[in-house]
A.B. asks: 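First, the structure itself, so that you have it in front of you.
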Amino acid sequence: MSAPAPSTLAIVDAEPLPRQEEVLTDAALAFVAELHRQFTPRRNELLARRGERRAEIARTSTLDFLPETAAVRADDSWKVAPAPAALNDRRVEITGPTDRKMTINALNSGAKVWLADFEDASAPTWENVVLGQLNLTDAYERRIDFSDPRSGKSYALKSADELATVVMRPRGWHLEERHLQLDGVSVPGALVDFGLYFFHNAQRLIDLGKGPYFYLPKTESHLEARLWNDIFVFAQDYVGIPQGTVRATVLIETITAAYEMEEILYELRDHAAGLNAGRWDYLFSIVKNFRDGGAKFVLPDRNAVTMTAPFMRAYTELLVRTCHKRGAHAIGGMAAFIPSRRDAEVNKVAFEKVKADKDREANDGFDGSWVAHPDLVPIALASFDAVLGEKPNQKDRLREDVSVAPGDLIAIDTLDASPTYDGLRNAVAVGIRYIEAWLRGLGAVAIFNLMEDAATAEISRSQIWQWINADVVFENGEHATADLARKVAAEELAAIREEIGEEIFTAGKWQQAHDLLLQVSLDQDYADFLTLPAYEQLR
């Protein structure tokens, strides 16, 4: 008697989309279903392990490099696989969601790499998940164009040799995709995003002289990197491409991963391309993990925590040293400024700050850095050109002068700054504005001349939560309390209503965003991720 055929993925509670049959083919869904069967149980175990680790940090208020992996760190003989030609020069990378207009603009931007984002810069509506995949395939097939209905402006791709190399970022391990289920169980969003993209494009990208390249977000341990490596091995065998074709860059944007950088590269060594140093998610992770560690872990206003803060400098310098020791690229943080079409003085000041930031990264040994807007590409390019010249990277700069002790990475109290009342007001203002746009399906949102993504909302609500629970007293004498947060949020909501008018306000999701921000900022039980309760409201 033959074995029953395995169950197939079901599309659940989703309106049909134009051309979705090109993405959701039977063969592609069978591949995603197989990824789910093979790897979701381990993913679930690793999510549970995150909770155990967090409980241990709550008990000890400290972190250290892992004693059980000391041999990996001590062994100087291993390196990651050499970078493929398409990923050897990464001096400027642009980030953004995969809508049609952004796809064309990012590929045309002059950046070396485009981080095509299905994660923090994309709200995971079914439309964004499916049509984002379609836009990337259309771009590789050169059948993508876009006409802006408001401006009448048309967008088309430049010649192939002028286009950025795509590095795609799937969702983090914690998120489900409710519209794709196997036997009534939702498939992890990471496996949906990775699976559909890899299945449709791996061979197509090889034929274009590139490959399936990925950014891995929110990794918390080397065991999570090992899971990704096993997925890559399985996927390459499944579609019949050579092992080592996949390349992955890991975002070191959690405090636990900062203590396991070498181990993460080791687990992925045949597929590793580099590590990236984020800021907002990294600070969010510090608050999340050390939220009951007392006054010494209380962060000041997010804008006061620059990359030159001692504990942030320890993190970035360790990242560069680790990457170069192992032959990997070190990629720096985000320049989020959006140029103003109306205020040249605002632009001048901001451009000077961006230049100083990128000069610092290039001089510290980073091989490249992120920008959020095409107008920033030339500024970042000039900073890295000045240091690199004709060289594609500076992996030969080993930074052996860097020495970071375990305590240096969590020495929050070395920062000479305190939370302020204006910082609370800004966290509320940005949080409401971002969540409102996210609930309408937008993940990359221009707020106060900065391009913000979900990490901004996470650090904003985390700071409100931390300041209230630490009973912070602001410089104006007011205590951080739940009542003060409610008062500020009510004032902010009223100001938005006044600013945009009743009709637009009512058509938006403003009250819903206000309520959700207060829920995750004031609940005694700190939500692991804002996007989990937000996803329940995303329709």
Side-chain angles (χ1 to χ4, degrees), residues 45-69 120 172-175 216-225 250-261 263-264 275-302 305 307 309-316 318-319 333 404-415 419 427 454-470 472 520-521 523-533:
E45 290 169 10
L46 289 168
L47 288 183
R49 186 177 178 276
R50 286 181 178 182
E52 294 160 10
R53 189 121 187 246
R54 180 15 234 161
E56 177 68 9
I57 294 168
R59 191 178 65 77
T60 62
S61 286
T62 193
L63 273 169
D64 202 345
F65 302 111
L66 300 179
E68 63 268 30
T69 53
D120 272 4
W173 279 128
H174 59 287
L175 292 163
L216 304 181
K218 311 247 186 322
T219 300
E220 295 198 14
S221 74
H222 70 286
L223 298 178
E224 294 179 19
V250 180
L251 293 115
I252 303 298
E253 55 185 354
T254 67
I255 186 62
T256 51
Y259 286 85
E260 301 183 36
M261 292 191 222
E263 294 91 329
I264 285 167
L275 304 176
N276 167 272
R279 180 156 58 134
W280 294 151
D281 260 325
Y282 189 74
L283 295 177
F284 155 52
S285 172
I286 290 173
V287 174
K288 176 166 35 177
N289 280 286
F290 290 94
R291 61 183 182 265
D292 26 33
K296 70 176 186 173
F297 289 105
V298 173
L299 286 170
D301 302 0
R302 69 181 177 117
V305 189
M307 292 309 236
F311 70 98
M312 295 298 277
R313 191 126 181 87
Y315 149 61
T316 57
L318 181 62
L319 187 142
V404 174
D408 296 345
L409 293 168
I410 49 173
I412 313 303
D413 53 356
T414 57
L415 194 58
T456 304
E458 291 286 24
I459 185 59
S460 296
R461 64 97 179 188
S462 296
Q463 295 212 281
I464 299 167
W465 191 98
Q466 185 185 47
W467 295 344
I468 291 169
N469 282 273
V472 161
V520 294
S521 300
D523 274 5
Q524 201 50 48
D525 288 335
Y526 178 96
D528 278 348
F529 293 95
L530 156 69
T531 44
L532 293 173

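Since the model is a prediction, treat every value here as computed from it, not as a measurement.
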A.B. asks: List in chain and number order the residues that pass side-chain hydrogen bond (donor to acceptor under 3.5 Å, both in side chains) with R53, two or more places apart in sequence or in another chain; answer none if no residue qualifies.
C.D. replies: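 If we apply the side-chain hydrogen bond (donor to acceptor under 3.5 Å, both in side chains) test to R53, skipping adjacent residues, the hits are E260.
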A.B. asks: What are the two closest heavy atoms between W467 and V298, and how far apart are they?
C.D. replies: CD1-CG1, 3.9 Å
A.B. asks: Taking side chain as C-beta onward, heavy atoms only, is S61 less than 4.5 Å from F297?
C.D. replies: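 SC-SC contact between S61 and F297 confirmed.
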A.B. asks: Tell me, do S462 and K288 make a side-chain contact under 4.5 Å, heavy atoms counted?
C.D. replies: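 No, too far: nothing below the 4.5 Å cut-off.
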A.B. asks: Are the side chains of P406 and L63 in touch, meaning some heavy atoms are under 4.5 Å apart?
C.D. replies: no
A.B. asks: In terms of the angle between their ring planes, are Y526 and W465 parallel, tilted or perpendicular, with boundaries placed at 30° and 60°?
C.D. replies: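 Perpendicular: the ring planes of Y526 and W465 meet at over 60°.
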A.B. asks: From L275 CG over to I252 CD1, what is the distance, rounded to the nearest 0.5 angstrom?
C.D. replies: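 Result: 4.5 Å between the selected atoms.
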A.B. asks: Can you name the closest pair of heavy atoms from Y282 and T254 and give their distance?
C.D. replies: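 Result for this residue pair: CE1-O, 3.7 Å.
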A.B. asks: Answer yes if the side chains of T69 and E263 hold a donor-acceptor pair under 3.5 Å, and no otherwise.
C.D. replies: yes
A.B. asks: Determine whether a donor-acceptor pair (N or O, by modelled atom type, separation under 3.5 Å) exists between the side chain of Q463 and the backbone of P300.
C.D. replies: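 Looks like yes, one N/O pair under 3.5 Å.
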A.B. asks: Can you tell if the side chain of S285 reaches within under 4.5 Å of the side chain of E253, non-hydrogen atoms only?
C.D. replies: no
A.B. asks: What residues form a ring pair (Phe, Tyr, Trp, His ring centres under 6.0 Å) with F311, not counting sequence neighbours?
C.D. replies: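 Listed in chain order: nothing, the list is empty.
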A.B. asks: Determine whether a donor-acceptor pair (N or O, by modelled atom type, separation under 3.5 Å) exists between the side chain of D523 and the backbone of V520.
C.D. replies: no
A.B. asks: Consider only side-chain N and O atoms of N469 and Q524, and report whether a donor and an acceptor are under 3.5 Å apart.
C.D. replies: yes
A.B. asks: Minimum heavy-atom separation for I459 to V287, with atom names?
C.D. replies: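 Scanning both residues completely, I find the closest heavy atoms to be CD1-CG2, 4.4 Å.
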A.B. asks: Could you tell me whether K218 and D281 have a side-chain N and a carboxylate O separated by less than 4.0 Å?
C.D. replies: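 Yes, this pair counts.
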A.B. asks: In terms of the angle between their ring planes, are Y259 and F65 parallel, tilted or perpendicular, with boundaries placed at 30° and 60°?
C.D. replies: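 Tilted, since the angle between the ring planes falls between 30° and 60°.
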A.B. asks: What distance do I264 atom CD1 and S221 atom OG have between them, rounded to the nearest 0.5 Å?
C.D. replies: 7.0 Å
A.B. asks: Restricting to non-hydrogen atoms, name the atom on M312 and the atom on V305 that form the minimum distance, rounded to 0.1 Å.
C.D. replies: CG-CG1, 4.0 Å
A.B. asks: In plain terms, say whether E220 and R49 are close enough for a salt bridge, that is, a side-chain N and a carboxylate O under 4.0 Å apart.
C.D. replies: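 So E220 does not pair with R49 through a salt bridge.
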A.B. asks: Write down the atom of A225, the atom of T219, and the distance for their closest heavy-atom approach.
C.D. replies: N-CG2, 4.3 Å
A.B. asks: If you look at every heavy atom in Y315 and M261, which pair is closest and at what distance?
C.D. replies: O-CE, 3.8 Å
A.B. asks: Can L409 and L318 be said to form a side chain to side chain contact (heavy atoms under 4.5 Å, CB included), step by step?
C.D. replies: CA-CA 9 Å; L409 293 168; L318 181 62; 4.2 Å; yes
A.B. asks: Check whether Q466 reaches the backbone of L299 with its side chain - one donor and one acceptor, N or O, closer than 3.5 Å.
C.D. replies: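 At least one qualifying donor-acceptor pair exists.
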A.B. asks: Determine whether L175 and T531 make a side-chain contact, defined as any pair of heavy atoms from C-beta on separated by less than 4.5 Å.
C.D. replies: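 A side-chain contact exists here, since the closest heavy-atom pair is under 4.5 Å.
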A.B. asks: Between W173 and R50, is any pair of side-chain heavy atoms under 4.5 Å apart?
C.D. replies: yes
A.B. asks: Looking at R54 and N289, would you say the former's side chain and the latter's main chain have a donor-acceptor pair under 3.5 Å?
C.D. replies: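 Judged by distance alone, yes, a pair lies under 3.5 Å.
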A.B. asks: Per the side chain to side chain contact (heavy atoms under 4.5 Å, CB included) rule, which among I57, T62, I286 passes with I410?
C.D. replies: T62
A.B. asks: Report the distance from atom CZ of R279 to atom OG1 of T456, rounding to the nearest 0.5 Å.
C.D. replies: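 Output value for this atom pair is 9.5 Å.
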